[in-house]
Protein chains: 2
Amino acid sequence: MRTVAKQAGVSYQTVSRVINEASGVAPETRSRVLTAMRELGYRPSLAARSLARNRTEIVGLVLPSSVDLTFADAHLLQMVGGVDRGVSDNDYSTLLASPKESEPVLSAFRRLVRQRTVDGVLIEAGMGEEGVALLVDAGYPVTVIGHTSLDVPSVRPDDESGAYVAMQHLLALGHRRIALIGSENPGNLAVAARRSGCDRALADAGLALDMSLVERGEWTIASGRAATERLLDLPAPPTAVFAFNDSMAIGTLQVARERGIEVPRQLSVLGFDDTPSAALLTPALTSVRVFSAEQGERAARTLIGILRGMTPPSSPVILPSQLVVRSSTAPLTR
Amino acid sequence: MRTVAKQAGVSYQTVSRVINEASGVAPETRSRVLTAMRELGYRPSLAARSLARNRTEIVGLVLPSSVDLTFADAHLLQMVGGVDRGVSDNDYSTLLASPKESEPVLSAFRRLVRQRTVDGVLIEAGMGEEGVALLVDAGYPVTVIGHTSLDVPSVRPDDESGAYVAMQHLLALGHRRIALIGSENPGNLAVAARRSGCDRALADAGLALDMSLVERGEWTIASGRAATERLLDLPAPPTAVFAFNDSMAIGTLQVARERGIEVPRQLSVLGFDDTPSAALLTPALTSVRVFSAEQGERAARTLIGILRGMTPPSSPVILPSQLVVRSSTAPLTR
DNA sequence: CTGAAAGCGCTTACAG
DNA sequence: CTGAAAGCGCTTACAG
């Protein structure tokens, strides 16, 4: 910076002003400085700037480490892409923070706090609320991507109405024995919202959920398979299965095929998330799309807005979800 | 730091020594300092440290922005996961750098250079060589993930032998009219390597490639479809199609189904990359697995090794690829 | 509109 | 083994 100042014949403070586009620099001086900067290939030091201003213009992004990074995480990839778009469009940068393989989940949060290298943090809801609380206590502005029970800004899909519309779709096709996979997980707010959307659709039709058809899943293909085996072994098996994510729906599709049950003629299957694989399955899976990239981008914009002094949204930002009807659901034929 | 020093009854330089685990601190002093740090919840400032030491312990990761973040990018997600694992295991952090939607690709590299916020850069080969050169010229240590013609460290899959084994598989099944999709792209080194693996397998069998069966693809499902349409319209259509990625193979699968051609009975289909969707297709796709996460992790370790003063590997680090045989390939029946 | 001063929180030789 | 000094490259009031 000194060199630039010398070359332009001004003090280095003036150079600083030019860089920060502060007002109060004579146009002529300004252009002289800019020329000098260009000629010398000057690049300001982010570190020095951060130190002096006490902020880095970097936001952290905490992600589950996903030991098995299977296609189920297509959602994650899209979210990351969206986040980075929102972040870089605002001239911030994104620092990744996922827990090391060997460490407990909270360590990723601790490291972030310890290093003081970010101005704020975006947190994928799957990381749990404990970490969020830890960051908030450390004084970081945060935004959660997904459901949270804490009083922090968040961006999430409309799970309730997504499930509502999906359930309505199955009811309109004539299904009455409708199984759910993925419920019963008490702490999971997304599940609770989807569950309540289902209940509302049923209530609207004057029906109620048959609890014997509600299975617990673990979001994996394997757990979808296991749940489906149990459901199909029932004396009166369901005519439709609504799985709370696509992976479990894939498990259902697989088991149905193995048992020679035709989808959708004998069994309708509905997923959630609309991962890119959904369209490629046979039959192509009807699913609820959640717009992961948009969530990420919106969360990034929200956080950076807060960092820039805007008042945080007082309630969660809810992005619409959308039922995508494909070939795995059909009218009841029996 | 001053406060900690005061509380521990030492000078702040001693605190610095403790933090940096420098030798030459009396054990007793050391523990006093550590206690004070803990009591005060002291966290060193990365910015100050970076400024004083002239390094940040952050590495940049340049990724294609992927306007359509489809499942084809499962490879990318796994790579990012691997990178972050390799990076954080070494106590560095990963800064994402993808071009903004509105900008030319090179802008992402320029921004990285301009901000001086990383010590080194990992570059996905898909970003082109121009950006790599730009960073090298700016003095950054870099490591490329994928093929590069530049003289920089790189980590990539063994495309040649992957294609060789895949081709051998098709030949062993009795196929002779084997089509290739994805070739003819002159600049793409991965394609060239795969192509030469194919040629070698054919030569080993005393055969040569039938150029009328070589189609150009653009890595998308749509381009795979288009290429397949052309191939199947040929007077003597192929009995097997080897697509140079899974997306194009999916295109082939789709067109075959639409035309009532049974895979694998009437047509064998082989992909490349072994994306997570491959196993979920009907029929499940035979493909060449490339271990994306391992590539990312290895590249991260390589780069950080260089940053720590190790001599860079003089030739590309080549990770084995592996043929995964599923249900889309079968012996020739006609 | 521009310059001089102080300070951001560390590290790195250099003394002792 | 530990302290005093200088410096990393900026920004931010404060004068003028």
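A note on names: the letters A, B, ... follow the listed sequences, proteins ahead of strands, and every chain is numbered from 1.
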- Query: Between S16(A) and dT11(D), is there a side-chain N or O to OP1/OP2 distance below 4.0 Å?
  - Reply: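 Yes, within the criterion.
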- Query: Would one find a side-chain N or O of T14(A) under 4.0 angstrom from OP1 or OP2 of dG3(C)?
  - Reply: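 True: T14(A) side-chain N/O within range (under 4.0 Å) of dG3(C) OP1/OP2.
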- Task: Tell me, with the steps shown, if F109(A) and V121(A) meet side-chain contact (heavy atoms from CB on, under 4.5 Å).
- Result: CA-CA 9 Å; F109(A) 293 95; V121(A) 185; 5.6 Å; no
- Query: Is the side chain of D119(B) donor-acceptor paired with the backbone N or O of E57(B) at a distance under 3.5 Å, no angle test?
  - Reply: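 The answer is yes, because a donor-acceptor pair under 3.5 Å joins these two groups.
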- Item | Check: Q295(B) side chain, I145(B) main-chain N or O, donor-acceptor pair, under 3.5 Å |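 Not confirmed, Q295(B) side chain does not pair with I145(B) backbone.
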- Message: Looking only at the side chains, is there a donor atom on one of D158(B) and S321(B) sitting less than 3.5 Å from an acceptor on the other?
- Response: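 No, no side-chain donor-acceptor pair sits under 3.5 Å.
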Please tabulate the protein-to-nucleotide N/O contacts below 3.5 Å involving nucleotides 5-7 of chain D, giving atom names and distances.
from   : atom 1 : to     : atom 2 : distance (Å)
dA5(D) : N6     : Q13(B) : NE2    : 3.1

Rounded off to whole Å, could you give me the [atom1]-to-[atom2] distance for the [X] and [N] pair?
| X | N | atom1 | atom2 | value |
| --- | --- | --- | --- | --- |
| L40(A) | dG9(D) | CG | P | 15 Å |
| K6(A) | dG3(C) | NZ | C1' | 15 Å |
| R49(B) | dT11(C) | CZ | C1' | 9 Å |
| L46(B) | dC8(C) | CG | P | 18 Å |

- Message: Under 4.0 Å, heavy atoms only, any strand: does T29(A) hit a base, just the sugar-phosphate, or nothing?
- Response: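 Answer is sugar-phosphate: T29(A) comes under 4.0 Å of backbone atoms only.
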- Task: Using a 4.0 Å heavy-atom cut-off across all strands, classify R43(B) as base, sugar-phosphate, or nothing.
- Result: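 Here R43(B) touches the backbone only, sparing every base.
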- Non-hydrogen atoms of T56(B) and S50(B) that approach each other most closely: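 Minimum heavy-atom contact is CA-OG, 3.6 Å.
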- Item | D84(A) versus A97(B), closest heavy-atom pair with distance |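 Answer, listing the atom of D84(A) first, then A97(B): OD2-C, 4.4 Å.
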- Upstream residue (5' side of DNA chain D) when N54(B) and S11(B) are each assigned their closest nucleotide: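 Nearest-nucleotide comparison on DNA chain D picks S11(B).
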- In dot-bracket form, how is DNA chain D paired, counting a Watson-Crick or G-U wobble pair only if both its distances are under 3.5 Å and using | for bases paired to another strand? |||.||||||||.|||
- Query: Does the side chain of V136(B) come within less than 4.5 Å of L150(B)'s, by heavy atoms?
  - Reply: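 Not touching, per the 4.5 Å side-chain cut-off.
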Which nucleotide wins on minimum distance to the side chain of [X], given the candidates [options]?
| X | options | value |
| --- | --- | --- |
| R17(A) | dC14(D), dC10(D), dG3(D) | dC14(D) |
| R53(B) | dT12(C), dC10(C), dG9(D) | dT12(C) |
| S45(A) | dG9(D), dT2(D), dT2(C) | dG9(D) |
| L51(B) | dT11(C), dG3(C), dG9(D) | dG9(D) |

- Query: With sequence neighbours left out, what residues match R32(B) under salt bridge (Lys or Arg N to Asp or Glu O under 4.0 Å)?
  - Reply: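 Result, salt bridge (Lys or Arg N to Asp or Glu O under 4.0 Å) vs R32(B): E28(B).
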- Message: Taking CG in D137(A) as the centre, count heavy atoms belonging to other residues, nucleotides or ligands within less than 6.0 Å. Is the count above 12?
- Response: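 More than 12 heavy atoms, drawn from other residues, nucleotides or ligands, come within 6.0 Å of this atom.
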